[in-house]
J.: 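Sending over a structure as structure tokens; questions will come in a sec.
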Amino acid sequence: MNKHDSCCAGGTGDGCISGAASRNGNYDYEPKQVEAKWQGIWRDNETYVVTEDPLKPKYYLLEMFPYPSGELHVGHVRNYTIGDVITRYKRARGYNVLHPMGWDSFGLPAENAAIDRGIRPDKWTWDNIAHMREQLKMIGFSYDWSREVTTAFPEYYKGTQWLFLLLYERGLVYKKTAPANWCPKCHTVLANEQVEQGKCWRCDSLVERRSMDQWFFKITDYAERLLADLDKLDGWPEHVKAMQANWIGKSEGAEIDFVGPNDEKIPVFTTRQDTIYGVTYLVLAPEHPLVEKFIQGTEYEAPVRAFIDKVSKMSEIDRTAETFEKEGIFTGVYATNPVSGDKVPVWVGNYVIYEYGTGAVMGVPGHDERDFHFAKKYGLPIKIVIQNEDQSLRLEEMDTAYVDPGIMVASGPFTGLDSEAGRAQVTRFLEENGTGRGKITYKMRDWLISRQRYWGAPIPMIYCPKCGTLPVPKEDLPVVLPLGLQVAPEGPSPLARHEAFVNTTCPVCGEAAKRETDTMDTFVCSSWYFFRYAGPHNTDEAFAKADVDYWCPVDLYIGGVEHAVMHLLYARFITKALYDAGLVPADEPFTKMLTQGMVVRDGAKMSKSKGNVVSPDEIVGKFGADVVRVFMMFAAPPERDLEWSDRGVEGANRFLRRVWRQVTGGPDGEQPEVNDAPGEGISTEGLLRITHQSIKKVTEDLERLALNTAVSQLMELSNYIGRYQRLPGTSQSPEALDEAKAALVKLLAPFAPHIAHELWERLGYDGTVEEAGWPEYDPDMVAERTVTVVVQVNGKVRDRIQVEAGSSDEEVTEKALASDRIAKLLGEAPEAKDKIAKVIVVKDKLVNIVIKR
RNA sequence: GCCGGGGUGUUGGAAUAGGUAGACAAUGGGGACUUAAAAUCCCCUGGGCUUUUGGCCCGUGCGGGUUCGAGUCCCGCCCCCGGCACCA
């Protein structure tokens with residue numbers, strides 16, 4: 001860039017020879033110097049290192065820690081700035097604030113870098129962390145860096161392994177062979193939460209089904225509590241709670257035992273027990289073990305086998321496609337309805353999911369849309385057992401199922417019951433006759449945590465030929481991940497090929513045994529890190545009770561919504577498990593949650609391929625961190641997407657430069673010249689009023705996380721100060737101006753900490769702006785002495801009058817009626833008074849005169 | 001389809017408890033200062049009408065409703081974004 005172009009427009013003042021800066025050295029705001037100076041002071045003084053202090057109220061503020069990809073992006077900057085603003089505010093208000101940072105540093109990209117570029121995953125990771133840590137420091141975030149946590153360090157993953165063993169002891173870990181989601185590109189299995197529309201959440205590859213022997217965490221044991229406790233999370237966004245509830249997917253219904261050949265029970269799960277008399281067939285999942293039993297040695301064996309074979313070859317994406325056709329085939333057997341006694345054919349269908357419910361469903365074509373289509377397609381009978389209100393349903397007229405509630409008909413003893421009530425009746429009947437039971441089913445499955453990858457925390461289990469599968473004794477932790485192994489794109493993980501790792505001895509019999517070579521899902525690492533920050537140097541334990549008792553739960557957690565179901569669900573589960581073990585003080589990890597929006601440019605998510613990426617280094621280098629912080633807080637409310645705007649950044653730049661001039665200038669401020677007119681209505685009283693109004697407004701906005709409007713209030717205060725400084729010197733009150741400046745700097749400090757610290761120092765106060773604490777407003781100063789009251793006639797604004805604040809309704813009404821405009825509208829007295837139907841007065845705000853028409 | 005969120009000037013957004021719609025910015029326009037530019041400062045910037053130093057009408061996705069008064073509450077739609085999706 002041309003140096004002359006950038007010198008005054010851009011901002012740093014380098015090489016500037018003319019303009020305001022040269023007339024008065026104080027005008028020369030140089031963010032680079034100011035920011036380096038204060039970052040150095042904060043580092044040298046360990047300003048933001050916190051210790052437990054029982055005398056102060058604690059506040060634990062956490063942003064989701066990053067994966068060390070190598071480069072900080074603007075989304076991170078926004079996320080962490082929001083957190084830093086609140087942190088600095090809370091600190092100024094006297095809270096003992098824990099605000100830590102760390103690295104979610106296990107995971108695939110490190111391995112891919114090793115494969116693609118021949119860099120060791122550990123080196124790649126440590127280098128990235130070092131670089132990103134420096135980037136974070138450049139933005140002036142007030143982290144307690146002494147508590148930095150790195151999940152890939154043995155001292156951390158020792159805790160992850162300890163957690164695994166704790167869950168194992170508590171019966172929350174098991175191994176089973178089951179069809180799993182296999183990502184062919186990542187060469188590993190994935191948990192259900194990590195598959196989005198049949199694709200891998202990280203790399204978008206189509207996920208395949210593969211049967212594998214895998215470790216699971218029994219999150220389903222906590223399904224009910226994870227769902228019910230959402231109600232306790234008042235501080236969470238609705239959409240996150242909704243997504244979790246949806247994911248958990250609770251269904252209340254009944255399991256009904258149909259009876260097949262040889263009295264074989266075929267349990268089905270339904271939420272519509274009331275339609276039991278409408279069942280005309282059953283459908284089993286292709287994987288259902290009874291299918292094989294039913295068809296063996298019959299004429300149906302070959303065609304059903306062929307059908308199952310065809311279904312099993314379908315990919316996940318075929319099964320979820322819009323065009324997916326419901327297909328089925330008769331097995332040749334019939335089952336008896338335990339309530340009605342009807343005999344119905346048993347089918348196999350490609351749409352029945354073996355893992356959900358009982359893997360078998362009852363077909364009620366009259367009252368289920370999908371069953372209706374299936375029955376039509378295969379010529380199965382349809383029965384009406386629920387009638388609408390006017391009893392007008394006719395089978396021959398039906399072209400769609402009747403799925404609404406109604407009255408039970410043709411339902412034996414239940415006929416005439418309301419269908420909703422009938423549901424409970426049918427369940428009672430089933431239970432009394434031992435042919436079924438009320439049942440609650442959840443969609444959520446257990447959390448598959450095995451990963452066939454190298455760069456992760458080893459699962460601490462041992463396979464002994466004599467003693468079986470055994471946990472590693474806790475005193476032997478950590479099971480150290482060997483570094484420097486050759487990582488290959490295909491085949492077994494390097495751990496499985498590394499003899500020194502695999503071969504071990506049995507902790508029970510001492511004979512030769514083998515280690516588990518799968519590593520843990522990185523989401524396990526991130527499901528407890530917020531406890532580790534409470535005492536990150538603990539070498540004996542993952543965390544000490546006293547530490548988490550002091551700091552936890554997290555008071556405010558900030559991160560992207562992409563983790564609504566994944567990280568946030570896992571973290572809640574782990575917290576509940578730890579709570580049940582008596583190790584942590586609360587059964588929910590995050591009291592309040594803020595999901596910040598994305599940073600977009602030209603309406604699209606930033607990506608290298610679109611070429612619309614903004615580099616934090618570049619923009620901070622050009623304008624300084626404070627400008628970037630202020631822009632990002634101002635441009636949009638935190639939870640909404642933020643449209644990046646170069647113009648907007650320049651606006652923030654102008655604002656901070658103006659504040660600099662206003663504060664560093666003398667009482668004369670702008671050194672007014674002929675053209676510097678202050679505008680209308682500027683007074684010392686007004687200056688003090690807006691100062692106190694700003695303290696009130698900014699404080700309230702920070703409390704409700706409305707950071708954009710807080711910044712706008714700072715701009716209004718600054719605008720007023722600027723105008724005030726343009727009054728003739730004799731009309732200015734230096735004391736009032738000092739008060740206004742001090743308030744402005746204090747209120748600005750959370751948003752633009754460097755410039756605020758520097759200005760505070762230049763104002764000559766003792767101590768730092770943070771040590772000065774948060775300003776208090778005086779309610780008397782906030783109140784306007786005279787207020788503008790709107791005068792409406794029939795709800796339309798017709799005039800505005802000035803009245804003394806707190807005037808009585810009568811006074812205001814009188815004044816309103818007396819105004820020229822209103823008098824004109826009402827016409828001449830005395831008829832005027834008769835026209836008035838009523839008068840509504842809202843104190844100090846509005847008068848509405850309602851007139852008859 | 002179900003669940004959640006949203007729709008306000010040219011743009012980002014504000015209006016927190018039903019009470020002045022458009023704060024604060026950005027953009028654009030006009031002016032001051034300057035040899036000039038930058039920077040800075042001042043004014044204007046939703047639409048239409050008008051008898052134009054004044055005033056009127058319309059306007060918060062659409063259509064109704066409640067109310068003295070609706071961006072805000074209620075009913076019915078439309079559209080956009082996000083999540084889930086043969087879950088029985």
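Residue numbers begin at 1 in each chain, while the letters A, B, ... track the order of the sequences. Just so it is clear, the structure is predicted and the values come from calculations on it, not from any experiment. Hydrogens, waters and symmetry mates play no part in the numbers below; they use all other heavy atoms, side chains included.
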J.: Does R640(A) make a side-chain N or O approach to OP1 or OP2 of A14(B) shorter than 4.0 Å?
T.: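 Checking A14(B) against R640(A), a side-chain N or O does come within under 4.0 Å of OP1 or OP2.
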J.: Counting the atoms with a prime plus P, OP1 and OP2 as sugar-phosphate, which does V850(A) contact under 4.0 Å by heavy atoms, base, sugar-phosphate, or nothing?
T.: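 Sugar-phosphate, backbone atoms only, no base.
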J.: Would you say Y351(A) places a side-chain N or O within less than 4.0 Å of OP1 or OP2 belonging to A88(B)?
T.: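 Looking at the OP1 and OP2 atoms of A88(B), neither is under 4.0 Å from any side-chain N or O of Y351(A).
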J.: Quick test of your reading of the model: are R209(A) and E355(A) salt-bridged, counting only N-O distances below 4.0 Å?
T.: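 The answer is yes: the pair qualifies as a salt bridge.
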J.: Give the rounded distance in Å between these two atoms: CZ of R798(A) and C1' of C57(B).
T.: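 After rounding, the gap between these two atoms is 10 Å.
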J.: Does R437(A) pair with D257(A) as a salt bridge, N-O distance under 4.0 Å?
T.: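 Here R437(A) pairs with D257(A) in a salt bridge, since their nearest N and O are under 4.0 Å apart.
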J.: Any donor-acceptor pair, under 3.5 Å, between the side chain of N246(A) and the base of C84(B), if you only look at N and O atoms?
T.: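 In this structure, the two groups form no donor-acceptor pair.
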J.: Using a heavy-atom cut-off of 4.0 Å across all strands, would you classify P637(A) as base, sugar-phosphate, or nothing?
T.: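 Result for P637(A) = sugar-phosphate.
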J.: Under 4.0 Å between a side-chain N or O of R704(A) and OP1 or OP2 of U16(B)?
T.: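 For R704(A), the contact criterion (side-chain N or O under 4.0 Å from OP1 or OP2 of U16(B)) is not met.
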J.: Does a side-chain N-to-carboxylate-O contact under 4.0 Å join K696(A) and E700(A)?
T.: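 Salt bridge: yes.
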J.: Under 4.0 Å between a side-chain nitrogen and a carboxylate oxygen: does that hold for E224(A) and K250(A)?
T.: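 The answer is yes: the pair qualifies as a salt bridge.
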J.: Would you mind building the protein contact string for nucleotides 20-25 of chain B? One character per nucleotide, 5' to 3', B for base within reach (heavy atoms under 4.0 Å), S for sugar-phosphate only, - for untouched.
T.: BS-BBS
J.: Is D274(A) salt-bridged to R423(A), going by a charged N under 4.0 Å from an acidic O?
T.: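 R423(A) and D274(A): salt-bridged.
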J.: Under 4.0 Å between any heavy atoms, over every strand shown, what does D641(A) touch: base, sugar-phosphate, or nothing? Just pick one.
T.: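 Sugar-phosphate, no base atom in range.
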J.: Can E327(A) and K310(A) be counted as an ion pair, charged N to O under 4.0 angstrom?
T.: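 Yes, E327(A) and K310(A) are salt-bridged.
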J.: Between F623(A) and F631(A), is the ring centroid distance below 6.0 Å?
T.: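 Ring centroids of F623(A) and F631(A) are no less than 6.0 Å from each other.
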J.: RNA chain B: stems of at least 3 consecutive Watson-Crick or G-U pairs, cut-off 3.5 Å?
T.: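 Ordered by first number, the stems with RNA chain B (at least 3 consecutive pairs each) read B:1-7 with B:78-84, B:10-12 with B:24-26, B:28-32 with B:40-44, B:46-50 with B:54-58, B:61-65 with B:73-77.
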J.: Under 30°, 30 to 60°, or over 60°: which ring-plane class applies to H563(A) and W201(A), parallel, tilted or perpendicular?
T.: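 Judged by the thresholds at 30° and 60°, the geometry between H563(A) and W201(A) is perpendicular.
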J.: Is S251(A) touching bases, backbone alone, or none of the nucleic acid, heavy atoms closer than 4.0 Å?
T.: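 Contact class for S251(A): sugar-phosphate only.
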